[in-house]
4 protein chains.
Amino acid sequence: MRADARDNRLRILTAAEEVFGASPAASTEDVAKLAGVGIATVFRHFPTKVELLEAVYTLRLERLRDRAAELAVAADPGEAFFEFFGQVVAEAGSKLAIAEALTAAGSVAGEDARRAGAGLRQAFGELLDRAQQSGAVRVDAALPEVYALLIGASRGATATALEPEVRNRMLALVYDGLRPGRSS
Amino acid sequence: MRADARDNRLRILTAAEEVFGASPAASTEDVAKLAGVGIATVFRHFPTKVELLEAVYTLRLERLRDRAAELAVAADPGEAFFEFFGQVVAEAGSKLAIAEALTAAGSVAGEDARRAGAGLRQAFGELLDRAQQSGAVRVDAALPEVYALLIGASRGATATALEPEVRNRMLALVYDGLRPGRSS
Amino acid sequence: MRADARDNRLRILTAAEEVFGASPAASTEDVAKLAGVGIATVFRHFPTKVELLEAVYTLRLERLRDRAAELAVAADPGEAFFEFFGQVVAEAGSKLAIAEALTAAGSVAGEDARRAGAGLRQAFGELLDRAQQSGAVRVDAALPEVYALLIGASRGATATALEPEVRNRMLALVYDGLRPGRSS
Amino acid sequence: MRADARDNRLRILTAAEEVFGASPAASTEDVAKLAGVGIATVFRHFPTKVELLEAVYTLRLERLRDRAAELAVAADPGEAFFEFFGQVVAEAGSKLAIAEALTAAGSVAGEDARRAGAGLRQAFGELLDRAQQSGAVRVDAALPEVYALLIGASRGATATALEPEVRNRMLALVYDGLRPGRSS
DNA sequence: CATGAATGAGGTTTCATTCAT
DNA sequence: AATGAATGAAACCTCATTCAT
């Protein structure tokens with residue numbers, strides 16, 4: 001791929017992230033305008049609007065996975081787990097808008113997005129494992145439900161446009177449910 | 001309002017609930033078709049698509065509020081609270097789609113929807129109060145964060161198309177976080 | 001169907017006949033403009049460009065079939081046959097352009113067009129039968145090849161933008177081949 | 001012109017012949033892809049799509065003219081004439097598609113194509129002359145109408161996707177009309 | 001009051017053609 | 001000279017909304 005093409009691809013992705021993050025109903029032309037390229041250039045790089053949305057979504061998931069991978073080697077596994085959890089919830093806003101745009105476009109998820117989702121889930125699973133082995137998280141909580149809780153907390157925080165204090169108190173409740181020493 | 005007009009209004013609302021619940025990108029004409037009326041009739045009752053969406057959304061919220069009000073006089077306040085919580089999460093699917101349709105249409109929330117939302121929140125607050133007074137829920141959890149948790153759990157369950165078992169395990173984690181006896 | 005809708009449908013068909021007859025590459029918007037309606041009205045009547053083209057084509061075929069049916073009761077079967085043949089060839093120009101537009105659009109032929117084509121072929125077959133029984137046309141010429149000859153003569157006349165005299169001399173050659181008294 | 005440039009020109013022409021022969025609505029990029037060159041190379045050799053189409057068309061006409069020239073020295077002029085006629089009709093399919101692509105593009109014919117057309121017409125005229133002098137074709141048939149008949153038979157055969165048997169029977173009718181011994 | 005046709009403003013996508021490498 | 005990316009004009013089609021019946 002040529003250098004200028006790579007450049008443009010990145011600019012388009014960045015623009016799309018911002019535009020769709022702000023409003024799931026945005027048009028492809030808005031993306032082109034913000035990226036400073038012609039509309040046809042967007043379609044050369046992403047032959048379909050759905051593919052563009054998926055690319056943005058995949059990028060988001062991959063970034064989160066990388067962040068999880070970094071934290072997987074932290075000194076304190078418990079702290080790493082909860083920090084990651086909190087970060088995801090805090091940054092969920094625009095990622096969610098993109099997910100909504102995808103479902104609104106009628107696509108459940110492309111191959112790339114599915115793979116990236118699986119990657120994130122696995123990386124998060126490592127964080128959970130280590131936190132459980134270190135005694136920071138109860139051992140009877142399995143990945144599926146904890147992951148669902150992560151998603152839920154993210155969406156809850158976004159949907160209600162939570163103030164930071166309330167969000168933190170909500171997270172405290174979630175964390176308490178995850179800590180060991182419970183009967184359930 | 002004439003009797004047939006009232007009839008039509010109800011049929012349109014019912015149809016809209018089903019159509020938008022299935023796909024947030026549905027068109028107003030689809031609603032008219034399912035309701036068995038002409039499209040102009042839909043616009044006579046709801047001068048704008050956003051108003052129709054809000055009416056459906058409001059209806060949903062009011063139904064939940066009524067359900068909460070019923071449970072507010074139940075014998076066991078703790079059981080009532082957790083039952084309501086679980087029901088909301090279980091039925092979240094289509095309501096969520098309507099909320100997405102609203103945000104996709106660029107509308108944050110109309111007056112009616114806001115009022116209905118406040119009503120639901122208040123009714124849920126009563127359930128929470130009584131559960132706290134009965135000792136079933138920790139007293140240091142305030143309505144804002146518990147409500148956010150309710151919304152989040154609903155959305156999380158929907159977004160990931162959770163199987164019932166996983167959903168129940170996730171709810172168990174959430175409930176544990178809400179029970180008294182924690183230091184946080 | 002409402003009166004105004006029927007009116008518009010007819011006006012659209014008429015406009016399409018003229019526009020596509022003049023240039024197979026014409027756009028749907030040109031048709032709308034000539035018909036004096038909005039573009040969406042065209043698409044309401046003919047949900048697809050191909051369907052519009054087929055409707056025009058079908059109309060043409062039906063008109064020819066009707067003309068053949070009229071001539072099928074003429075006093076002189078031979079004269080009727082050759083007159084019809086000549087008329088088809090003379091008027092072939094714009095009909096052909098429509099057929100080209102259809103193939104350019106990637107459609108071979110819709111159900112209606114196929115039926116109309118079969119109708120025309122059958123009506124022409126009657127003319128041929130009667131001409132053969134009256135001794136004006138050789139009896140060893142079957143419908144398939146005579147029909148192919150009709151199409152061919154039409155296309156030949158159109159493709160080369162023949163002057164009337166040349167066209168008549170060409171037809172004379174064709175007619176001679178069709179008359180009885182040959183060995184082939 | 002450099003050797004590789006000449007190579008490319010030929011490969012582009014060959015590819016264009018195949019691509020446009022298959023579908024008149026094909027894009028220039030398809031031609032480049034099949035030719036194995038970049039799209040800009042196509043435009044370097046043929047500055048316009050119409051010019052490319054004309055070049056292909058011209059090539060076809062020239063090949064036919066060469067074939068006619070070969071047959072012009074055959075032993076039996078009558079056989080030569082009818083053989084050429086039949087060959088042209090049999091192979092008309094893809095050439096016709098190219099002619100359609102040209103008219104769809106709004107171009108009647110460029111200088112080269114016109115010259116090539118005239119060349120073919122003249123070569124065919126020689127075949128006709130010799131066939132007439134040898135008594136195989138009636139002498140009162142002039143080139144214009146016979147040529148129109150050739151074109152028409154070609155197009156008719158193609159347009160209706162004729163089976164070989166029917167095509168031959170149609171040709172027999174045409175040939176009978178061309179043979180001497182008729183009064184017309 | 002209900003209907004369905006008409007509207008025009010966009011949205012996505014394609015293509016011939018031009019530039020930068 | 002060859003490449004492939006970029007372009008903008010236009011094509012087809014959809015939809016919320018307004019009129020005429």
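Just so we're on the same page: letters track the sequence lines, and every chain starts at 1.
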For residues 33-44 of chain D, tabulate all N or O donor-acceptor pairs below 3.5 Å that involve a side-chain atom, not counting sequence neighbours.
none

Reading 5' to 3' and counting Watson-Crick or G-U wobble pairs with both distances under 3.5 Å, write the dot-bracket notation for DNA chain F, | for bases paired outside the strand. .||||||||||||||||||||

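- The distance from atom CD of A/Glu51 to atom P of E/dT12 is 14 Å, rounded to the nearest whole Å.
- Nucleotide E/dT12 holds its C1' atom 16 Å from the CZ atom of A/Phe46, rounded to whole Å.
- Note: CG (C/Asp30) to P (F/dA10) measures 11 Å, nearest angstrom.
- Residues satisfying the side chain to side chain contact (heavy atoms under 4.5 Å, CB included) test with A/Asp66, not counting sequence neighbours, are none.
- A sub-4.0 Å separation between OP1 or OP2 of E/dC1 and a side-chain N or O of B/His45 is absent.
- Residues from residues 32-43 of chain D placing a heavy atom under 4.0 Å of any atom in DNA chain F, listed by number, are D/Val37, D/Gly38, D/Ile39, D/Ala40, D/Thr41.
- The CG atom of B/Leu52 sits 14 Å away from the C1' atom of F/dC15 (whole-angstrom rounding).
- Nearest heavy-atom pair across C/Leu52 and C/Ala16 is CD1-CB, 3.9 Å.
- Take C/Arg60 and apply the salt bridge (charged side-chain N to carboxylate O under 4.0 Å, His left out) test, not counting sequence neighbours, and it matches C/Glu17.
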Would you check, one step at a time, whether the test side chain to side chain contact (heavy atoms under 4.5 Å, CB included) holds for C/Arg9 with C/Arg6? CA-CA 5 Å; C/Arg9 194 190 143 90; C/Arg6 177 123 91 224; 5.6 Å; no

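- Residue-to-nucleotide proximity on DNA chain E shows that, of A/Lys49 and D/Lys49, the 5′-proximal contact is made by A/Lys49.
- Minimum atom distance to the side chain of A/Ala5 is reached by F/dA6, of the listed F/dC13, F/dA2, F/dA6.
- Taking side-chain N and O atoms only, B/Thr28 has no distance below 4.0 Å to OP1 or OP2 of F/dC15.
- Contacts of A/Thr14 classified as side chain to side chain contact (heavy atoms under 4.5 Å, CB included), with partners at least two apart in sequence or in another chain: A/Leu10.
- Atom CG of A/Asp7 is separated from atom C1' of F/dG4 by 16 Å (rounded to the nearest Å).
- By the salt bridge (charged side-chain N to carboxylate O under 4.0 Å, His left out) test, D/Asp112 pairs with D/Arg115, sequence neighbours left out.
- Atoms CD (A/Glu29) and P (E/dG10) sit 11 Å apart, rounded to a whole Å.
- In this model, the phosphate group of E/dA5 is approached by a side-chain N or O of C/Arg44 to a distance below 4.0 Å at OP1 or OP2.
- For A/Asp4, the salt bridge (charged side-chain N to carboxylate O under 4.0 Å, His left out) test picks out A/Arg2, with sequence neighbours left out.
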List the atom pairs, donor and acceptor, that lie under 3.5 Å between side-chain atoms in residues 19-27 of chain C and the rest of the protein, sequence neighbours left out.
from    : atom 1 : to      : atom 2 : distance (Å)
C/Ser23 : OG     : C/Ala25 : N      : 3.3
C/Ser27 : OG     : C/Glu29 : N      : 3.4
C/Ser27 : OG     : C/Asp30 : N      : 3.3
C/Ser27 : OG     : C/Asp30 : OD2    : 3.4

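- Nearest-nucleotide positions on DNA chain F place C/Val50 closer to the 5' end than the other of B/Pro47 and C/Val50.
- Following rounding to the nearest Å, A/Arg9 (CZ) and F/dA6 (P) show an atom-to-atom distance of 11 Å.
- Applying the 4.0 Å criterion to OP1 and OP2 of E/dA6, one finds that C/Asn8 has a side-chain N or O inside that range.
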